[in-house]
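Take a look at the structure below.
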Amino acid sequence: MALTQREIRERAVAFAHEWRDASRENAEAQSFWNDFFNIFGIVRKRVAAFEEPVKQLGERRGRIDVFWKGVMLAEHKSRGQNLDKAVTQALDYFPGLKDKDLPKFVLVSDFARFRLYDLEENAEYNFALAELPDRIHLFGFISGYTTRTYQDQDPVNIEVAEKMGELHDALLASGYGGHQLEVLLVRLVYCLFADDTGIFPRDGFRFFLEERTDESGRDTGAQLNSFFQLLDTAPESRQTTLDEDLRQFPHVNGALFREDFRAPTFDRQMRQKL
């Protein structure tokens, strides 16, 4: 079962505390990376290899510190060493990799610092070990909480429109219609795209649906109603007992979630269309 975002953050806090004094690459690096993957509930050896051999330019041979084929390449240095050199070393491995194995992310670390490169988005992130709990969203490619960028004619856009059409017809046939149905669909479309454009935490709405609603659909309407009320409530007015996964959702200004809403009754098939 996938970890919640709260559980991942708690593990990241423990990881940062555990490794705050580590310094020696050779003695501790592999344990460091095993523990790093464990933050996200991933057993490292199931996805990534240590010391993966690779041919470099010329006759040289090298070994990648941590290699997850097609996903991530990581290089590790002892505390205080130059991370620029670690990045150069990581990129030197690329010519020797098959196209299908080329990573989408490069991550370097010296225990105390991280530098992450998102090669598809041409983005770079630098942060200290102590900041990791607040940066776990950058590792959605490990945890499964991923973000995509959508174009106007992206097939996913078309699929969303089709799913919303199917959901509209199913709810209408069940006796839920009129203005309330239109309000529901507009709110759902907003939430789905807020998931993938950075308005919400990464895949936060998808996670909410998967983890907070029953697969039968019997409580989906009521849970959505509570979620919409949450979005219409400013952070300072929310209950202090609200858990972290819900607390991180933003307050959506405007009238979109302000109108009184009568939740529909869902069944399993309707829920699956979300």
Side-chain angles (χ1 to χ4, degrees), residues 1-17 20 39-41 114 116 118 121 123 125-150 160 164 179-214 218-264 266 271 274:
M1 182 177 179
L3 297 176
T4 67
Q5 292 181 358
R6 181 178 183 178
E7 288 170 331
I8 291 173
R9 189 177 189 283
E10 289 174 347
R11 289 184 177 210
V13 170
F15 175 86
H17 179 77
R20 67 189 186 281
I39 292 173
F40 307 96
F114 287 94
L116 175 68
D118 183 335
E121 299 296 331
Y125 307 94
N126 292 276
F127 52 94
L129 172 64
E131 298 176 274
L132 178 62
D134 296 321
R135 299 297 187 101
I136 55 172
H137 62 280
L138 298 176
F139 299 96
F141 62 94
I142 300 178
S143 66
Y145 298 108
T146 56
T147 291
R148 295 188 55 186
T149 301
Y150 295 104
V160 168
M164 287 298 100
H179 180 65
Q180 288 285 310
L181 175 56
E182 305 309 320
V183 169
L184 171 64
L185 294 179
V186 171
R187 289 178 175 181
L188 289 176
V189 169
Y190 176 92
C191 291
L192 290 171
F193 282 94
D195 247 12
D196 298 295
T197 56
I199 298 174
F200 285 175
R202 293 196 174 200
D203 277 352
F205 185 59
R206 178 181 66 83
F207 170 78
F208 172 83
L209 290 171
E210 291 178 351
E211 299 296 327
R212 303 275 178 159
T213 68
D214 191 271
R218 61 189 177 190
D219 65 348
T220 300
Q223 291 284 20
L224 284 173
N225 195 18
S226 297
F227 183 72
F228 296 156
Q229 291 175 2
L230 171 73
L231 296 178
D232 187 41
T233 304
E236 62 273 14
S237 299
R238 294 175 179 175
Q239 288 185 321
T240 57
T241 55
L242 197 67
D243 69 49
E244 185 174 346
D245 285 340
L246 293 176
R247 192 164 59 242
Q248 61 187 330
F249 282 97
H251 173 215
V252 180
N253 292 314
L256 180 59
F257 295 100
R258 193 165 300 152
E259 181 178 339
D260 288 340
F261 175 71
R262 177 176 61 84
F266 282 73
R271 179 183 180 275
L274 296 172

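The chain is numbered in sequence order, starting from 1.
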In Å and rounded to the nearest 0.5 Å, what is the [atom1] to [atom2] distance from [X] to [Y]?
X: Phe266; Y: Thr213; atom1: CZ; atom2: OG1; value: 9.0 Å
X: Leu184; Y: Arg262; atom1: CG; atom2: CZ; value: 10.5 Å
X: Glu210; Y: Arg271; atom1: CD; atom2: CZ; value: 7.5 Å
X: Asp260; Y: Asn225; atom1: CG; atom2: CG; value: 9.0 Å
X: Thr233; Y: Phe257; atom1: OG1; atom2: CZ; value: 11.5 Å
X: Arg212; Y: Phe227; atom1: CZ; atom2: CZ; value: 10.0 Å

Verdict with supporting geometry, Glu10 and Arg6, salt bridge (charged side-chain N to carboxylate O under 4.0 Å, His left out) | CA-CA 6 Å; Glu10 289 174 347; Arg6 181 178 183 178; 3.4 Å; yes

Could you tell me which residues satisfy side chain to side chain contact (heavy atoms under 4.5 Å, CB included) with Ala234, sequence neighbours excluded, listed by chain and number?
->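 Scan of Ala234 (side chain to side chain contact (heavy atoms under 4.5 Å, CB included), adjacent residues dropped) gives Glu236, Ser237, His251.
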
On the 0 to 90° scale, with breaks at 30° and 60°, tag the Phe139-Phe40 ring pair as parallel, tilted or perpendicular.
->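 Ring orientation, 0 to 90° scale: tilted.
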
Does the side chain of His137 come under 3.5 Å of the side chain of Gln248 through a donor N or O and an acceptor N or O?
->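 Their side chains do not contain a donor-acceptor pair, so the 3.5 Å distance test is not met.
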
Per-pair distances, 0.1 Å, donor-acceptor, side chain in residues 126-135, under 3.5 Å, sequence neighbours excluded:
from, atom 1, to, atom 2, distance (Å)
Asn126, OD1, Arg115, NE, 2.8
Asn126, ND2, Glu124, OE2, 2.9
Glu131, OE1, Ala128, N, 2.7
Asp134, OD1, Arg9, NH2, 2.8

Stepwise side-chain contact (heavy atoms from CB on, under 4.5 Å) check, Leu192 with Met164 | CA-CA 11 Å; Leu192 290 171; Met164 287 298 100; 4.0 Å; yes

Can the ring centres of Phe249 and Phe208 be said to be less than 6.0 Å apart?
->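 That pair fails the under 6.0 Å test.
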
If you define the side chain from C-beta out and look only at heavy atoms, does anything of [X] sit under 4.5 Å from [Y]?
X: Leu138; Y: Phe114; value: no
X: Thr220; Y: Asp214; value: no
X: Leu231; Y: Cys191; value: yes
X: Leu188; Y: Leu224; value: yes
X: Phe141; Y: Asp118; value: no

Nearest heavy atoms of Ala222 and Ala263, plus distance in Å |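 Heavy atoms of Ala222 and Ala263 come nearest at N-CB, 4.1 Å.
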
So which heavy atom on Leu242 is nearest to which on Arg247, and how close?
->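 Scanning both residues, the minimum pair turns out to be O-NH1, 2.7 Å.
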
